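Here the structure is a predicted model, which is why all the values come from computation and not from measurement. Note: hydrogens, waters and symmetry copies are ignored here, and every other heavy atom, side chains too, is used.
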Amino acid sequence: MGNFINTSVLIPLIPLVTALFVFVLLASFNRTVNRLTKPVTVLIALSLLSSSFISAFYYLNKIEEELVLSKFLKYFEETNLVMHLNLFNEKIIIFFSLIMTSLIAFSFYKLPRKKGYVSFMIGLGLISSLVMISILLIDFSAII
């Protein structure tokens, strides 16, 4: 089960890396990327769905562990950050990812795709990633 636990870091990282990638493209090719609203929307939505899929895989296989980040990331060596991978956190991430994907789909159909649309999608991707990180760092099973 150790390999599955190591890939749990990908749950919040996939939307974060995708949003940062689109941000770099937007900063480099502003006019072109602002016109590519459909691919940007699909890319951000797929990153959230892939995080949801990974979390659903863990939930269905009942994988529960705690991952100490200092063992894997040298940046966190002196901290005691622990990712809590339990069934309740996985349910929350699945639910949150599906809500954010629905919000992205709703935004695609209802919002005018003008100049700030791509920036809005980048913001949704970054916010989603930060919320997923917070969910994984808080042990909700101890609260309930």
Side-chain angles (χ1 to χ4, degrees), residues 1-29 33-114 116-144:
M1 274 203 216
N3 291 337
F4 290 129
I5 301 305
N6 295 343
T7 60
S8 67
V9 177
L10 292 176
I11 294 171
L13 282 183
I14 291 173
L16 178 68
V17 169
T18 304
L20 291 177
F21 174 69
V22 173
F23 176 74
V24 168
L25 287 177
L26 181 64
S28 301
F29 310 104
V33 174
N34 272 326
R35 292 180 186 162
L36 297 174
T37 57
K38 287 181 185 178
V40 166
T41 304
V42 169
L43 197 61
I44 299 289
L46 285 178
S47 70
L48 286 170
L49 287 175
S50 64
S51 292
S52 177
F53 177 75
I54 292 170
S55 196
F57 177 77
Y58 290 152
Y59 179 74
L60 293 175
N61 289 325
K62 296 184 182 6
I63 297 174
E64 294 188 52
E65 288 284 333
E66 290 187 356
L67 178 67
V68 180
L69 292 177
S70 61
K71 292 180 183 177
F72 299 99
L73 304 171
K74 299 211 182 250
Y75 181 74
F76 296 109
E77 275 181 2
E78 299 173 5
T79 61
N80 294 327
L81 288 177
V82 177
M83 284 180 53
H84 302 280
L85 194 65
N86 55 38
L87 297 178
F88 190 71
N89 286 1
E90 292 163 3
K91 273 194 244 183
I92 293 173
I93 288 177
I94 293 167
F95 184 68
F96 176 75
S97 297
L98 293 177
I99 286 176
M100 289 303 287
T101 305
S102 301
L103 178 66
I104 288 173
F106 179 77
S107 299
F108 179 74
Y109 287 111
K110 294 296 181 182
L111 290 180
R113 285 177 261 163
K114 300 287 182 187
Y117 180 81
V118 174
S119 301
F120 177 68
M121 287 296 144
I122 292 170
L124 285 179
L126 289 175
I127 289 170
S128 300
S129 177
L130 292 175
V131 169
M132 286 182 199
I133 289 171
S134 340
I135 290 170
L136 288 173
L137 290 178
I138 298 172
D139 188 14
F140 286 109
S141 63
I143 296 172
I144 296 176

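To the nearest 0.5 Å, atom CD1 of residue Ile54 and atom CD1 of residue Ile11 are 6.0 Å apart. To the nearest 0.5 Å, atom CG of residue Leu20 and atom OG of residue Ser129 are 8.0 Å apart. Here NZ of Lys62 is found 6.5 Å from CG of Leu87. Values are rounded to the nearest 0.5 Å. The line from CD1 of Ile122 to CZ of Phe21 is 11.0 Å long, rounded to the nearest 0.5 Å. With rounding to the nearest 0.5 Å, the separation of CD1 in Ile138 from OG in Ser134 is 6.0 Å. Atom CD1 of Ile133 sits about 6.5 Å away from atom CG of Leu13, to the nearest 0.5 Å.
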Step by step, would you call Leu48 with Met132 a side-chain contact (heavy atoms from CB on, under 4.5 Å)? CA-CA 10 Å; Leu48 286 170; Met132 286 182 199; 3.6 Å; yes
Are Val40 and Leu25 close enough, and set up right, to give a side-chain contact (heavy atoms from CB on, under 4.5 Å), and what steps lead you there? CA-CA 10 Å; Val40 166; Leu25 287 177; over 6 Å; no
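Between Met100 and Ser128, the shortest heavy-atom distance links the atoms CE-OG, 3.2 Å. For the pair Ser51 and Leu10, the tightest heavy-atom approach, listed with the atom from each and the gap, is OG-O, 4.2 Å.
Residues passing the side-chain contact (heavy atoms from CB on, under 4.5 Å) test with Thr41, sequence neighbours excluded: Ile104, Phe108, Tyr117, Met121. Scored by the side-chain contact (heavy atoms from CB on, under 4.5 Å) test, Ile127 finds Val131 as partners (sequence neighbours excluded). Remark: Lys110 pairs with Phe106 by the side-chain contact (heavy atoms from CB on, under 4.5 Å) rule, at least two apart or across chains. Ser52 is linked by a side chain to side chain donor-acceptor pair (under 3.5 Å) to nothing, counting only residues two or more places apart in sequence or in another chain. Scanning for side chain to side chain donor-acceptor pair (under 3.5 Å) contacts around Tyr59 gives an empty result, with sequence neighbours left out.
Of the possible donor and acceptor atoms, one in the side chain of Ser50 sits under 3.5 Å from a partner among the backbone N and O of Ser47. Between the side chain of Asn89 and the backbone N or O of Leu85 there is no donor-acceptor pair closer than 3.5 Å.
The closest side-chain heavy-atom distance from Leu43 to Pro39 is not below 4.5 Å.
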Donor-acceptor pairs under 3.5 angstrom involving side-chain atoms of residues 92-99: please list them, not counting sequence neighbours.
| residue | atom | partner | partner atom | Å |
| --- | --- | --- | --- | --- |
| Ser97 | OG | Ile93 | O | 2.9 |

